[in-house]
Amino acid sequence: MRLFHVKHFDVIVIGGGHAGAEAAAASARMGAQTALISLRKNGIGVMSCNPAIGGLGKGHLVREIDALDGIMAVAADRAAIQYRLLNRRKGPAVQGPRAQADRKLYRAAIIDFLMAEENLTIIEGEVTEVMQSRGRVTGVKLAESIELTSTAVVLTTGTFLNGIMHVGAEKQPGGRVGDRPSVRLAAQLDGFGLVRGRLKTGTPPRLDGDTIAWDQLEMQPGDDDPVVFSFMNKSPQVRQIACAITHTNEQTHDIVRSNLNLSAMYGGHIDGVGPRYCPSIEDKIVRFAEKASHQVFLEPEGLDDSTVYPNGISTSLPFNVQEAYVRSIKGLENVRITQPGYAIEYDYFDPRDLDLSLQVKSAPGLFLAGQINGTTGYEEAAAQGLLAGLNAAALAISKDAIQFSRTDSYIGVMVDDLTSRGVTEPYRMFTSRAEYRLTLRADNADQRLTPKGIELGCVRAAREQRYAQKHERLMAAADLLESKSFSPSELTKVGVGVSLDGTRRTAKAIMAFPDVLEGQIDRLVPEFSAFSAEIRKQTATDALYLQYSQRQNADITMLRREEAAEIPPNFAFTGLPGLSAELAAKLSRLRPANLAQAGRIEGMTPAALTLILAHLRKRRREALKSEV
Amino acid sequence: MDTIFALASARGKAGVAVVRLSGPSAHAAVAELCALPSVRHAALRQLIWQGEVLDEALVLLFEAGASFTGECSAELQLHGSLAVVARVLRVLSGISGLRLAEAGEFTRRALENGRLDLAQVEGLADLINAETEAQRKQAMRVFSGALGRRVEAWRLHLVRAAALIEATIDFADEDVPFDVTPEVRDLIEKLLRQLRAELAGSRAAEQIRHGFEVAIVGAPNAGKSTLLNALAGREAAITSEIAGTTRDVIEVRMDIAGLAVTLLDTAGLRDSVDIVEKLGVERAVDRARSADLRVFLMQNTAEALMLQPEVGDIVILGKADIRTGSDNAVSGKTGVGIDWLIGEIALRLSDRAASAGLLIRERQRIAMEAAVVYLESAIGGMASAVALPELIALDLHRSMRVLETMTGRIDIENLLDEIFSSFCIGK
């Protein structure tokens with residue numbers, strides 16, 4: 001064997017997808033010497049599914065990544081060719097920024113940001129083994145028998161683990177069209193004793209935009225006042241385009257229905273579980289047989305690329321059937337398919353084997369992030385990558401583990417869900433998963449998380465400064481509105497309807513009225529109009545949810561305290577006097593990371609929680625004593 | 001931090017009953033009922049709520065840092081009457097910022113504030129078991145019969161209403177029918193009607209009337225009705241020599257050791273071809289299962305009945321008057337063993353009294369009342385010109401949380417199941 005003299009890395013990230021790129025960037029920002037190993041350098045930052053970033057719940061994650069100075073939001077802003085803020089007519093808490101992204105621009109932006117990281121080295125190669133010594137991860141082995149040592153390894157191999165792509169009855173091993181699956185690494189990972197499951201997902205055929213009859217279709221332009229992703233940016237950076245909407249029809253459905261037996265999914269070729277919120281055209285027609293038509297969004301993949309992504313018709317039918325049903329759709333009668341749609345099956349590891357920093361409980365130093373944990377979506381992957389990267393770096397440079405809570409972020413919600421409940425279908429973020437969604441908003445992600453990032457050391461000077469300015473202005477606006485109060489008659493004069501009870505109300509309280517207008521506040525407090533639109537808007541949003549967030553705060557305090565009571569991985573539930581055998585068995589199996597997770601286990605009682613807490617206290621006291 | 005309250009002494013008729021309050025508003029809450037005595041000094045006070053005298057009680061206040069829980073707390077030493085206790089608890093539950101304590105919650109706060117050591121908390125072991133048993137019984141009571149069907153309907157309404165709202169929030173771009181409000185409003189209104197009706201029925205002195213249920217079970221003609229009459233001291237059940245006389249469940253209320261007890265005389269357990277009797281037997285088995293305690297009246301020690309005794313049940317031989325040389329036998333006819341049986345029932349019930357019965361029902365009532373408030377708020381929110389679905393959803397989630405004691409936990413996955421089975425989600 002040839003011996004190489006290579007330098008030791010603090011952190012090695014395997015995989016350059018959304019999780020890997022974000023993990024490598026986060027680790028490097030923390031000051032850890034980081035290597036990113038990808039099969040192909042030009043595979044880094046590739047959007048392998050739809051050419052869009054953000055959405056409901058997902059847009060929240062992108063903002064949170066940005067608040068911690070991550071790269072997804074700034075890259076998406078460089079590549080965004082159509083911005084739409086979803087749920088514009090609903091409250092700001094459930095609005096989600098979304099954008100169509102130019103694939104090439106997005107990939108170029110990610111590469112740019114990674115290249116600019118001074119602590120980051122990009123290595124092209126195939127990892128065949130994660131090395132371990134005395135129960136700890138020590139580095140990785142590459143296909144050419146090169147060994148790289150490190151303190152921590154972040155594995156972000158997406159759908160590449162035992163990936164099999166299906167087009168009709170044809171199947172072919174691979175993680176993405178044109179890429180090999182990581183079979184050797186998958187076989188080696190068996191040695192870690194992690195529980196595996198199998199999931200599937202699918203993509204639609206890609207279309208040649210030059211063969212689409214755009215003039216017959218309803219066009220969907222972007223927003224007139226685009227809302228960008230990053231708190232550091234103000235406006236779109238490249239030319240903006242429109243998408244189009246078309247619909248399937250009875251003929252489309254007939255074609256799909258009469259060829260169902262040829263579909264990989266319906267022909268019994270696939271065992272994995274697919275996401276219910278992203279059904280294939282086969283699923284839609286079988287499960288919602290009564291619907292005569294489904295929407296299809298035609299999304300251009302780039303400014304100088306004629307490829308179009310038809311969102312809504314993913315499939316695993318044979319190529320000739322795909323062509324037939326696609327051409328039955330209005331506007332696509334003469335369309336040319338540039339790449340057939342396919343379903344892909346892949347392995348994931350049960351995320352209940354991870355702790356809240358995404359570290360494998362049984363293999364210290366090994367972190368898993370992204371689709372490998374059973375999630376779906378670029379944003380979910382990137383957010384996990386960020387968390388794993390921060391923690392891998394923290395471990396390597398001897399800092400405390402970094403955790404997020406359900407009460408402070410969607411990242412916290414996701415990690416808690418994954419590690420305590422596992423997944424039964426590919427996990428996607430929804431705003432309804434966040435019980436404190438009125439306070440966990442896309443608009444205040446910086447206020448929630450940037451201070452934490454500054455403290456951790458993953459936020460750079462430019463953002464820190466921007467944050468400090470904005471925070472100062474927000475406080476000034478809040479103080480101003482708090483300091484001015486008005487009698488009912490003063491309020492009635494400017495048209496604000498209140499009961500004439502003689503009570504004086506502060507401008508802040510008045511702003512919480514759902515029907516109060518900006519102009520009315522300005523008439524009451526003329527100084528308020530001096531604030532920027534951004535500050536005024538966020539102040540109004542804070543006020544809108546004020547009374548609800550106050551009610552929520554008590555719940556949050558309680559939950560935080562329970563989260564703070566961590567249950568060590570070796571805590572013995574069996575034999576705890578008073579705990580029923582059934583409950584003890586359940587707790588031993590699910591291994592909650594803290595008291596809050598334990599409380600969400602079915603059948604848990606407050607008294608049983610008290611008992612566990614008491615024993616945690618006792619252990620801590622004993623630990624303190626033995627230290628002395 | 002909520003202020004919590006609960007009956008701290010054992011439930012039942014007694015000289016004194018102690019209601020404890022703990023949390024930041026503990027003193028303020030007491031101040032709504034009487035003039036506050038100085039801290040750590042017992043004082044006799046009339047407790048008055050909206051002009052009505054609730055009781056004359058010994059009132060004690062403790063400061064934060066010098067109380068059982070370590071928080072600001074208070075004790076009301078009431079007369080040990082079920083009616084007085086029920087009334088005071090109900091009044092306290094109506095004071096804003098106060099709620100009924102969860103089982104073990106006082107201890108938990110004490111623990112969290114460093115006021116208790118582990119040995120003391122391990123005493124909770126018993127409580128955990130009692131709690132589990134009480135929950136099991138409660139769940140059974142709720143889920144058998146008519147109330148069970150109602151609770152199931154509440155659950156379905158809630159899941160559906162919340163799923164509709166969540167679908168419009170989380171799947172804005174997709175094939176969700178735009179206006180779900182008529183169906184949501186309809187569901188909430190149905191739910192409100194049912195909850196209000198249930199509450200109306202559960203008010204008044206229901207608590208005390210219900211008390212504990214003790215079922216007498218046995219084969220036909222084992223002497224169950226005669227025993228019931230002897231226990232109750234009056235002819236409540238029709239007795240005769242003909243087996244199968246009791247076809248419906250007969251209830252007799254009595255007082256045993258200060259506890260309100262409902263004795264249930266059930267149809268004799270046997271396979272019958274008579275449809276009416278068969279129904280009676282089924283009902284007997286159901287009621288007996290969900291009762292707090294069963295007295296098995298056996299004809300011989302080897303007898304196998306359709307229903308098996310549970311841990312803690314009483315198994316005795318009947319018709320002691322025509323039996324010789326048996327210790328564990330009673331006779332309703334001659335009164336042999338009746339006093340012993342009453343003592344035995346009292347002993348077993350008072351063991352369970354601390355955690356079962358009143359408080360559970362009280363908790364349900366409070367949960368239903370809170371749910372009504374949230375659902376009304378949701379309806380109000382929908383009527384508003386600037387209706388925000390996330391606020392309506394919040395009200396629905398809050399009502400779910402409070403009703404979970406009756407409906408079982410409603411998880412986000414339940415909502416997602418409903419959403420994905422109803423709508424073709426996915427662009």
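Scope of the values below: all heavy atoms of this structure, side chains included, with no hydrogens, waters or symmetry mates. Chain naming here is simple, since letters A, B, ... match the order of the sequence lines and numbering starts at 1 in each.
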Show me the donor-acceptor pairs within less than 3.5 Å that the side chains of residues 156-165 of chain B make with the rest of the protein, sequence neighbours left out.
residue	atom	partner	partner atom	Å
B/R160	NE	B/E183	OE2	2.8
B/R160	NH1	B/E418	OE2	2.7
B/R160	NH1	B/S422	OG	2.9
B/R160	NH2	B/E183	OE1	3.3
B/R160	NH2	B/E183	OE2	3.3

Salt-bridge contact [X]-[Y] (side-chain N to carboxylate O under 4.0 Å):
X: A/K90; Y: B/E390; result: no
X: B/E71; Y: B/R109; result: yes
X: A/R276; Y: A/D283; result: no

Which atoms of [X] are under 4.5 Å from chain B, going by heavy atoms: the side chain, the backbone, both sets, or neither?
X: A/E425; value: side chain
X: A/L613; value: both
X: A/S432; value: both

What part of B/I169 gets closer than 4.5 Å to chain A, counting heavy atoms only: side chain, backbone, both or neither? both
Option in B/L391, B/L388, B/D2 with maximal non-hydrogen atom pairs under 4.5 Å from chain A: B/L391
When the ring centroid of A/Y277 is compared with that of A/F430, is the distance short of 6.0 Å? yes
